[in-house]
Structures are given as structure tokens and as C-alpha cells.
Amino acid sequence: MLLGGSGSAALAAPVRDVDTTVHAGTVKAGTVQVDTAQAGTAQAAPERGGVVPGRRAAEAPPVEEHPCPVAVPSGTTCGYLLVPERRDVPNSRTIKVGYAVHRASQSAGQAADPVVYMSGGPGSASLQLTGFLSQMFPGRDVVVLEQRGGRYSEPRLSCPEIVRGVVDTLTTPGPTSAETAPLARQALACQSRLEAQHVDLRGYQTAEIASDVVDLRAALGYSQWYLFGVSYSTRPMLLAAARDTRGTRGIVLDSLLPAGARWYDESSAALSATMTKLGVAARFDAMVKALNAHPATYETVDPLTRKRLTVHLNGDDVATILGEALHETDVIPIIPALVDGLASGHTELLQPLVDAAGDGLTSHEWGLYYAVQCQDETPYNSFPKARGPRLFTGVVDAAVCDTWDLPAAWAEPDLLTPGASVTSVVSNRVPSEGASAEGATPEGASSDGSAPERVPSEGATPPVLVLGGQYDPTTPPEAARQAVAAVPGARFAEFAGVGHAVFLSSACGRQTIAAFLDDPAATARACDPGKAPYPIVRPGGLLLTSSAYRLSRSPIPLAVPAVFLLVSAVQLVAGLVSLLRRRGGGLSALAGLAGVALCALSALSLSAIQDWTTLAIGVPHALAWYGLLALVSTGLSIVEAFRLNAAAARIVPALTGLALLAWLYGWLLS
């Protein structure tokens with residue numbers, strides 16, 4: 001598939017990761033902080049991966065080995081970090097947080113400080129990137145940590161009910177904001193199922209995830225390491241660094257949204273601002289208005305059943321899809337031409353992104369996603385009616401969080417919070433041993449409900465590197481740059497032509513991160529972040545058509561040009577042989593030459609395309625002009641076929657030429 005690299009959850013919540021969006025910057029302060037010395041006090045887990053409520057934390061080691069659930073490079077071991085589901089609740093059951101450790105080669109000599117990575121989401125998996133990261137950072141240990149409740153942790157907070165609710169909402173033509181009741185029912189079904197499995201959703205929030213990071217360092221025996229977060233995971237990484245400054249060598253934050261931002265309230269304006277950067281703001285507004293008035297219909301695949309499905313998308317839905325598509329660096333260049341085409345009524349051009357959206361709906365553990373969002377993010381947004389498009393993500397997330405009705409988490413300062421000193425969080429009081437989960441105070445609060453006590457953390461603020469993509473509407477680079485400017489020792493780098501999750505799509509981004517880890521104090525650039533990987537395709541730069549994308553899905557129609565090329569080559573050779581034997585054949589040779597030239601020039605035109613994703617929405621204008629060679633070839637073949645005493649076989653080139661003309665102008669370029 002031409003857009004098969006898209007990992008965006010285009011019809012659901014924003015992808016903050018690898019896949020991935022940092023939603024807004026409020027971080028839960030909610031845990032009774034566990035000092036690193038407590039990392040060895042995790043509770044025991046029973047056999048077969050179960051969890052036992054009510055055991056003392058000191059009864060078991062903090063980690064247990066486990067076979068790696070994904071392909072990893074040699075020298076990698078996997079396991080679980082055993083931690084309380086809620087650190088603020090005595091005798092809280094033990095859960096398992098997956099991790100992988102790739103050890104640096106002994107032949108490399110003295111290993112450099114390790115780096116720990118976590119994907120975004122929230123709810124995106126991490127372990128599958130172990131090999132990729134080990135190649136980024138040769139010579140140092142690479143630790144990859146899953147989020148609690150993630151795909152390779154136990155329990156796994158998947159939520160197919162919500163995916164079903166989202167898909168069902170999109171199968172009706174009305175606006176999503178008027179159809180949230182079925183979605184709320186599905187969200188309640190998921191919540192009830194998870195609670196029946198003894199999952200306490202209040203234990204799945206940023207403050208607890210940050211504590212997992214701190215505990216893992218102590219459990220693995222590292223004195224210091226680098227923290228590397230992307231999108232959402234920049235939040236727990238910043239919080240972990242604030243709590244564990246002595247153990248933090250430095251921090252890399254890719255696609256950061258600062259704590260003061262409000263993602264839902266600002267998302268529509270951020271998307272419009274990105275369209276302004278791309279030069280299509282007016283056409284974008286026209287597209288949204290036109291599709292809100294007359295929604296478009298698409299046939300795609302149900303992400304759960306893999307059966308055919310019909311969805312109806314209005315302008316707000318399409319705007320959401322385009323915003324998610326801007327995460328992908330190879331999709332960014334076609335957005336101006338695509339928006340212009342959609343505004344002109346070529347709604348079929350969106351089909352590749354609609355098909356990719358289905359995979360995005362199954363890319364996250366949505367139970368974990370909403371546990372985090374409903375505690376850390378939605379309570380700090382007002383969800384006003386935006387002047388721009390009303391993005392699908394905000395409508396869905398507000399509906400789910402209203403249904404789940406989880407308490408808001410405490411807002412705890414991190415290293416980038418203006419005016420905040422580096423602190424650790426400790427409880428003023430610890431609930432009595434007999435306290436139940438139902439009667440527990442908010443995570444991070446004292447037993448009397450007051451805010452947690454904060455005491456200075458030892459150690460200086462570690463160096464910080466922040467990366468942002470020029471066209472990232474989810475975590476805009478302008479907000480990250482402003483946040484970094486107020487923090488001594490923090491640096492920001494913006495990468496041209498890039499969207500969300502810079503390190504995944506930019507070689508320069510990876511080089512910049514590696515250079516920072518080698519020497520955080522160095523100021524020399526490892527590469528030029530101002531060089532965009534692909535040129536932007538402006539409106540009018542392509543002959544818009546979805547035919548090339550359809551060919552990528554089913555290449556059977558390619559048989560027509562393939563047969564034409566074969567016949568033209570035979571015709572050219574036969575004509576040249578006849579000329580050498582002085583038996584005529586000039587017309588056949590010219591017809592064959594024109595056909596071969598058409599195919600050669602078309603191939604050259606296509607090979608000049610730097611970003612093959614371009615073909616998802618159009619082809620070079622030159623193909624229409626090169627088609628005139630097919631007309632010449634066909635005309636000469638017809639003359640040759642109807643000459644006196646012409647062999648019956650002469651009709652074959654004429655028929656294949658007519659078939660190619662019909663295919664080229666009646667299908668491919670139409």
C-alpha cells in the first residue's frame with residue numbers, strides 16, 4: 001500500500017508516539033512517591049502471570065525474567081518489573097511492567113551510560129523498537145520500557161469495545177458530536193469488563209508510569225542513565241527526571257507538548273496553523289465547510305472483523321484524518337495538493353488515508369489510553385466550540401471520559417515547568433494498613449486530601465535536548481521552543497519537513513540525539529536540521545488521480561501497459577529486421593519505437609519522484625503528454641495493419657495500442 005507506513009490512529013484518538021501525540025501538558029502528581037530504594041519491594045506475582053492482591057511489597061524481587069514477546073537482537077533479555085498497581089494504596093495488587101535490555105557489546109570496550117526509551121500514545125507499544133534503538137545507540141546499553149497496562153505488560157488494558165463504538169459512529173452520516181450515546185455505552189462496557197478483572201484504572205496515569213521508570217533504574221542496577229521519551233512519554237520522562245535527578249544523566253524529548261498547554265482546547269488552532277505553514281489554510285477551511293455540508297462516503301475494512309465497511313466522513317472527520325497524517329514525513333509533502341483536491345470535490349483522493357486509519361484504531365491499548373487521558377488531560381481542558389474544525393478526537397475522548405468519570409490527577413511540576421524547582425514527592429501521611437482502595441486518597445495526595453509535600457531533590461538539573469517537527473500539529477514546535485527557552489541547559493532543535501516523532505523519520509534527528517548522548521555539552525550540529533527530506537507538492541503540481549493507489553491494491557490493470565510494451569518491443573525488432581532485409585517495415589519500426597519510448601519516458605518520469613507516497617494521490621503531468629506517443633504508435637500500427645496484403649497478425653499492435661489509450665486516458669489519468 002502506498003501509504004502503508006502511516007501509523008496514525010486517524011479516526012480515533014491522536015497517536016502520540018511512534019505512532020504517536022503528546023496530549024496536553026498536565027501531569028498527575030498523584031502518587032505517594034516511591035524512592036529508588038523502594039524499587040526492591042515489589043510484590044510477588046503468582047505463576048502463569050497472575051497477580052495477587054494484598055501481599056506485602058517486600059516479599060518478592062523487583063523483576064522477573066520472561067521470554068521476549070517480539071523479535072529482538074542478540075544480547076537482549078526481557079522481563080517484568082513488579083510494581084504495585086497503586087502506590088498510594090496499601091496492599092495494592094502487583095502488576096507486571098514489561099521491559100527489554102540490550103547489552104552493549106563487550107568488544108566495544110567501556111560501555112557508555114545506558115539510555116531508557118518509552119513510546120508515546122499513551123498506550124503505544126515499545127518493545128518492537130529494541131533493535132532499531134540498539135542500532136541508533138551502539139556502544140551503550142539500551143533499555144526499552146513498556147507502559148503499565150500496555151501491550152507487553154500485565155494486565156493489558158485493551159479496549160475493543162471503544163474501537164467498535166468509534167467505527168459504528170462513523171458508519172452513520174451525522175456529526176459525531178450528535179452520536180456519542182452508542183460510544184458511551186461501549187466505553188461503559190469496556191470499563192465494566194476491566195473492573196471485573198480487578199483492574200483499578202486509577203493506577204494507570206502519568207505519575208505511576210514515571211515511578212516505574214525510576215524503580216526500573218534501581219532494579220537493573222544502573223547508577224545513571226539517559227531518559228528518552230517521544231510524544232506522550234515525554235511527560236513521564238520529565239517527571240521521572242525531576243524525581244530522580246541523581247540518576248538522570250540527561251533527557252531527550254522528541255515531540256514535546258509543555259505542561260502549560262491544553263491539547264484538546266488548542267488542537268484545532270494548531271492544525272489550522274500547520275495548514276497555514278503549508279500555504280493551504282483557505283483551501284483547508286473550504287474543504288471542511290464543503291464536507292460538513294455534504295459528507296463523503298468510503299468503502300474500507302473494519303479494523304476488528306476485517307470485513308468490508310462503509311463509513312461517512314464529514315469535514316471535521318476529514319480534518320482529523322489529515323491532522324494524523326501529518327505525523328508521517330512521507331505524507332506531509334502531498335497534503336497541500338490533497339487538501340486542494342478535496343476542496344475541489346475530488347473526495348476519492350482521501351481513500352489511502354481512510355484505509356490507513358483502520359490500522360491506527362488497533363495500534364494502541366485504548367483502555368490504557370483513556371485511563372491516562374481521563375485523569376491527566378481531559379479534566380484540564382474546557383472543550384470549547386472551536387472556530388476551526390471540531391476534531392473527532394476531542395469529541396470521542398470527552399464522551400469516553402465523561403462516561404468513565406475518573407478523578408482528576410494532581411498537577412505536579414516537572415523540569416520544564418516555569419519557576420518550578422526540582423523536587424521529589426512524598427506523602428504527608430500514609431493510609432492505614434487496613435485502608436481499602438475505595439477509600440484511598442487521590443494518588444500523590446496525603447490522607448487528609450491535601451497536596452503532596454515536595455522536598456528538594458539532590459543533584460543539579462540534567463541537560464535536556466528537545467526535538468520538534470516543522471509540520472507537527474499535535475505537538476507544535478513553537479510551544480516546545482518557548483518552553484525550552486526558559487530552562488537553563490535545555491536545547492531545542494526543529495527539523496524541516498518533518499512531522500511527529502522526529503527520530504523515526506529523520507536521519508538527522510537520530511544523529512542529533514546520538515551526538516547529544518555522546519556529549520550533552522557539545523554545541524556543534526551533527527547535521528543540518530533545516531534540510532527537508534522531501535519537497536512539498538503544491539496544488540497543481542500533480543495530475544490528481546487515485547488510480548495509482550488502486551493499482552497498489554490490485555496490480556491486475558498493469559497487464560495492459562505490460563502487454564503494450566511487449567508488443568511494441570517485438571514490433572520494433574521485427575520492423576528493424578525487415579528494414580535490414582529490404583522488405584519494408586518502416587512503419588512497424590516507427591510504431592514500435594514510439595511505444596517503447598512512451599514506456600521509457602514514463603518510467604524515467606516516475607523514477608524522478610523522491611517520495612513514492614506522492615503516487616497515492618496523483619501522477620506527473622508529463623504522463624499525459626507522453627501518452628501522445630501511444631497515439632502515434634497506435635495510428636502507425638493501424639495504417640500498417642490495413643495496408644494491402646498485410647498479415648493478420650499486424651492487427652495485434654493496433655488493438656493493444658487502442659487498449660492502452662483507453663487505459664491511460666479513460667482510467668489512469670481520469
#### Entry: Under the salt bridge (Lys or Arg N to Asp or Glu O under 4.0 Å) test, residues paired with Arg151 that sit two or more places apart
Glu365
### Point-to-point distance, once rounded to the nearest 0.5 Å, from CG of Leu239 to CG of Leu416
11.5 Å
### Query
Are Val487 and Leu415 side-chain neighbours, meaning at least one heavy-atom pair lies under 4.5 Å?
no
### Query
When you measure from the side chain of Gln205 to the backbone N and O of Ala409, does any donor-acceptor pair fall under 3.5 Å?
no
### Audit row: Val63, Tyr99, side-chain contact (heavy atoms from CB on, under 4.5 Å) steps and yes/no
CA-CA 10 Å; Val63 296; Tyr99 70 88; 3.6 Å; yes
#### Entry: 4.5 Å side-chain heavy-atom contact, Thr512 and Arg525
no
#### Entry: Within-4.5 Å side-chain heavy-atom neighbours: Val199 and Arg93
yes
## Note on the structure
Taken in chain and number order and not counting sequence neighbours, the residues that satisfy side-chain contact (heavy atoms from CB on, under 4.5 Å) with Ser506 are Phe495, Val498, Val502, Cys508
### Task
Could you tell me whether Arg140 and Asp518 make a salt bridge, using a distance below 4.0 angstrom between a side-chain N and a carboxylate O?
yes
### Task
Hey, could you give me each pair passing salt bridge (charged side-chain N to carboxylate O under 4.0 Å, His left out) that has a residue in residues 122-132? Not counting sequence neighbours.
none
### Task
Run the salt-bridge test on Asp215 and Arg87 with the 4.0 Å N-O cut-off and return the result as yes or no.
yes
### Message
Tell me every residue that passes side chain to side chain donor-acceptor pair (under 3.5 Å) with Asp402, counting only those two or more places apart in sequence or in another chain.
### Response
none
### Task
Mind telling me whether Phe503 and Phe228 have parallel, tilted or perpendicular rings, with 30° and 60° as the class edges?
perpendicular
### Task
With sequence neighbours left out, write down each residue that passes side chain to side chain donor-acceptor pair (under 3.5 Å) with Glu494, or none if nothing qualifies.
Arg481
#### Entry: NZ/NE/NH1/NH2 to OD/OE distance under 4.0 Å, Arg217 and Asp244
yes
### Query
By side chain to side chain donor-acceptor pair (under 3.5 Å), which residues pair with Gln191, not counting sequence neighbours?
none
### Query
Under the salt bridge (charged side-chain N to carboxylate O under 4.0 Å, His left out) criterion, do Glu85 and Arg202 qualify, and how do the steps go?
CA-CA 9 Å; Glu85 187 170 47; Arg202 290 169 293 180; over 6 Å; no
#### Entry: Partner of Lys96 under salt bridge (charged side-chain N to carboxylate O under 4.0 Å, His left out), chosen from Glu146, Glu64, Glu65
Glu64
### Ser255 side chain vs Ala501 backbone, donor-acceptor pair below 3.5 Å
yes
### Query
Between Tyr369 and Tyr232, does the ring centre distance come in under 6.0 Å?
no
